[in-house]
Amino acid sequence: MEDNKKFDVIIIGGSYAGLSAAMTLGRSLRKVLIIDSGKPCNRQTPHSHNFITQDGQTPKQIADTAKAQVLKYSTVTFFEGLAIQGTKTDDGFTIKTENGELFAAGKLLFATGISDQMPDIAGFAECWGISVLHCPYCHGYEVKHTSMGVIANGDLAFEFSRLISNWTKDLVLLPNGPSALTQEQTEKIKQHNIEIIEKEIAEIEHHEGYMTNVVFKDGSKQKLTAVFAKIGFKQHSVLPEKFGCNINEHGFISIDDFQRTTIPGIYAAGDNTTMFRAVSVVTAAGTKAGAMINKELVDETF
């Protein structure tokens, strides 16, 4: 293979975790390739919050600034494309992209994120990240003291309602059908003046992603500014699993405290490994992954 296609580390995924790891490795004089398909899961979110120095910036602004800073290091190369295939070799790994390019490296880092699975509710996807929200720490302040809802059921609904009630006292719980809460949970919810509306949701009315009403299948409506929801997801890339990396019972790539997966030489960082979907958290994980990969490379040669 040509030398310009051989690297110390290939990072698959060029958002916050991947870029952070690339900076750490690039500054460690490692030859690094970032492969990124340009489809971050938060591309629809208008603003990012709860990340000091970047509070209120758009996700794209943060990523673009990070990319420009990372690519100032001559040790880092960025390739725009989709990694579709990987192979374990005697001295590392090869990665093939959608357009047929082949690259090799001694170590891999998957910073590939996750793909959110939208429920079959009209308007939900259009509002996702704008007024249908997943994280109160990222977005709760911007909708504080307004009429809000929680779309969830069972134990998750109880715990999520408790949490969101910190940002508003005008809150309804929408289990999207019959409630699965226990009697004790139901009584506790009602003690805090949280109404439980046991109707199936048909639609979220909105204007350019900013919701106005939740419409139920019986035709009635609930006027709300925002709803918080936990939805399903899948790994954005199938490559970690194809390499044999363990996927835990929650659907995340299993890692240890040093971001190592269950396959030697393969690391993971970002939303694909944790439920804490915050820019600050995944950025820190990328830094740690970069440092740990460099340490492993040092250990192998000294």
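Here the structure is a predicted model, which means the values were calculated and not measured.
The existence of a salt bridge linking K96 and E101 is excluded, since no basic side-chain nitrogen approaches an acidic carboxylate oxygen closer than 4.0 Å. A salt bridge links D116 to R277: at least one charged side-chain nitrogen sits closer than 4.0 Å to a carboxylate oxygen.
V172 and I189 fall into different hydrophobic clusters, where Ile, Leu, Val, Met, Phe, Trp and Tyr residues are linked whenever their side-chain heavy atoms come under 4.5 Å apart, directly or through other members. I35 is not connected to V9 by any chain of hydrophobic side-chain contacts under 4.5 Å among Ile, Leu, Val, Met, Phe, Trp and Tyr, and they are in different clusters. The hydrophobic cluster containing V132 does not contain F228, counting ILVMFWY residues as joined when their side-chain heavy atoms lie under 4.5 angstrom apart, directly or transitively. No continuous path of hydrophobic side-chain contacts links L133 to V281 [ILVMFWY only; heavy atoms under 4.5 Å]. Under the 4.5 Å side-chain heavy-atom criterion for grouping Ile, Leu, Val, Met, Phe, Trp and Tyr, Y16 is connected to F51 within one hydrophobic cluster.
Both tests do not hold together for K288 against F258: distance to the six-membered ring centre under 6.0 Å, angle to the ring axis within 45°.
Side-chain contact between I293 and L109: present, with at least one pair of heavy atoms (C-beta onward) separated by less than 4.5 Å. Looking at I34 and V76, their side chains come closer than 4.5 Å, going by heavy atoms from C-beta outward. For the pair T94 and F103, the minimum side-chain heavy-atom distance is 4.5 Å or more.
Other residues, nucleotides and ligands contribute more than 12 heavy atoms inside 6.0 Å of the NZ atom of K88. The local environment of CD in E184 is sparse, with at most 12 non-hydrogen atoms from other residues, nucleotides or ligands closer than 6.0 Å. Within 6.0 Å of CD in E159 there are more than 12 heavy atoms belonging to other residues, nucleotides or ligands. Remark: D120 CG is loosely packed, at most 12 non-hydrogen atoms of other residues, nucleotides or ligands lying under 6.0 Å away. Shown here is D256, whose CG atom has more than 12 heavy atoms of other residues, nucleotides or ligands within 6.0 Å.
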Which pairs of donor and acceptor atoms, one on a side chain in residues 203-214, lie under 3.5 Å apart (sequence neighbours left out)?
from	atom 1	to	atom 2	distance (Å)
E205	OE1	N213	ND2	3.1
E205	OE1	K221	NZ	3.3
E205	OE2	K221	NZ	3.0
H206	ND1	G209	N	3.0
T212	OG1	E205	O	3.3

All N/O donor-acceptor pairs, side-chain side in residues 17-32, below 3.5 Å, sequence neighbours left out:
from	atom 1	to	atom 2	distance (Å)
S20	OG	T283	O	2.8
S20	OG	T287	N	3.1
S20	OG	T287	OG1	2.6
T24	OG1	S20	O	3.2
R27	NH1	Y73	OH	2.8
S28	OG	T24	O	2.8
R30	NE	N294	OD1	2.7
R30	NH2	N294	OD1	3.2
K31	NZ	D3	O	2.7
K31	NZ	K6	O	3.0

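Checking Q185 against D155 by side-chain atom types alone, a donor-acceptor pair falls below 3.5 Å. With hydrogens and angles left out, the side-chain atoms of N246 and S254 include a donor and acceptor closer than 3.5 Å. Residues E187 and Q191 have side chains that never bring a donor and an acceptor to within less than 3.5 angstrom of each other.
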Side chain to side chain contact (heavy atoms under 4.5 Å, CB included) for I247 and I253? Distances and angles first, verdict last.
CA-CA 5 Å; I247 307 296; I253 301 172; 3.8 Å; yes
Please test E241 against V238 for side chain to side chain contact (heavy atoms under 4.5 Å, CB included), starting from the C-alpha separation and ending with a verdict.
CA-CA 6 Å; E241 193 167 8; V238 299; 5.7 Å; no
Could you walk me through whether F252 and T274 satisfy the side chain to side chain contact (heavy atoms under 4.5 Å, CB included) test, starting with their C-alpha distance in whole Å, then the side-chain angles of each, then the deciding distance to 0.1 Å, before giving a yes or no?
CA-CA 6 Å; F252 298 109; T274 178; 5.6 Å; no
Would you sort out whether F158 and T186 count as a side chain to side chain contact (heavy atoms under 4.5 Å, CB included), showing the intermediate values?
CA-CA 8 Å; F158 179 70; T186 300; over 6 Å; no
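For K199, the side-chain contact (heavy atoms from CB on, under 4.5 Å) test picks out I197, F216, D218, S220, with sequence neighbours left out. Contacts of E195 classified as side-chain hydrogen bond (donor to acceptor under 3.5 Å, both in side chains), with partners at least two apart in sequence or in another chain: none. Judged as a side-chain contact (heavy atoms from CB on, under 4.5 Å), and not counting sequence neighbours, the contacts of A202 are K217.
A distance of 6.0 Å or more separates the ring centres of F93 and F7.
Side-chain N or O atoms of D55 include one that pairs as donor or acceptor with a backbone N or O of N50 at under 3.5 Å. Side-chain atoms of D36 come within 3.5 Å of backbone N or O of G14 as a donor-acceptor pair. In this structure a side-chain-to-backbone donor-acceptor pair under 3.5 Å is missing from D91 to G106. Although no hydrogens or angles enter the test, the distance criterion places a donor-acceptor pair under 3.5 Å between the side chain of T168 and the main chain of T146. Counting only distance, with no hydrogens or angles, the side chain of E98 and the backbone of I84 share no donor-acceptor pair below 3.5 Å. For E200 (side chain) and N176 (main-chain N/O), no donor-acceptor pair under 3.5 Å exists by modelled atom type. Between the T261 side chain and the I266 main chain, a donor and an acceptor come within less than 3.5 Å of each other. Using modelled atom types, no side-chain atom of Q259 and backbone atom of Y267 make a donor-acceptor pair closer than 3.5 Å. A donor-acceptor pair under 3.5 Å is formed between the side chain of S161 and the backbone N or O of A157. Side-chain N or O atoms of S179 include none that pairs as donor or acceptor with a backbone N or O of P175 at under 3.5 Å.
Between W167 and Y137, the ring planes lie perpendicular to each other; the angle is over 60°, past the 30° to 60° tilted range. Using cut-offs of 30° and 60° on the angle between ring planes, the pair H134 and H139 is perpendicular. The aromatic rings of H47 and H49 lie tilted to each other, with the angle between the two planes from 30° to 60°.
Taking each heavy atom of P136 and L163 in turn, the nearest pair found is CG-CD2, 3.7 Å. Pairing each heavy atom of I11 with each of A111, the nearest pair is CG2-CB, 4.5 Å. Closest of all the heavy-atom pairs between K67 and F78 is NZ-CE2, 3.5 Å.
Residues in residues 126-148 take part in no salt bridge (Lys or Arg N to Asp or Glu O under 4.0 Å) pair, two or more places apart or across chains.
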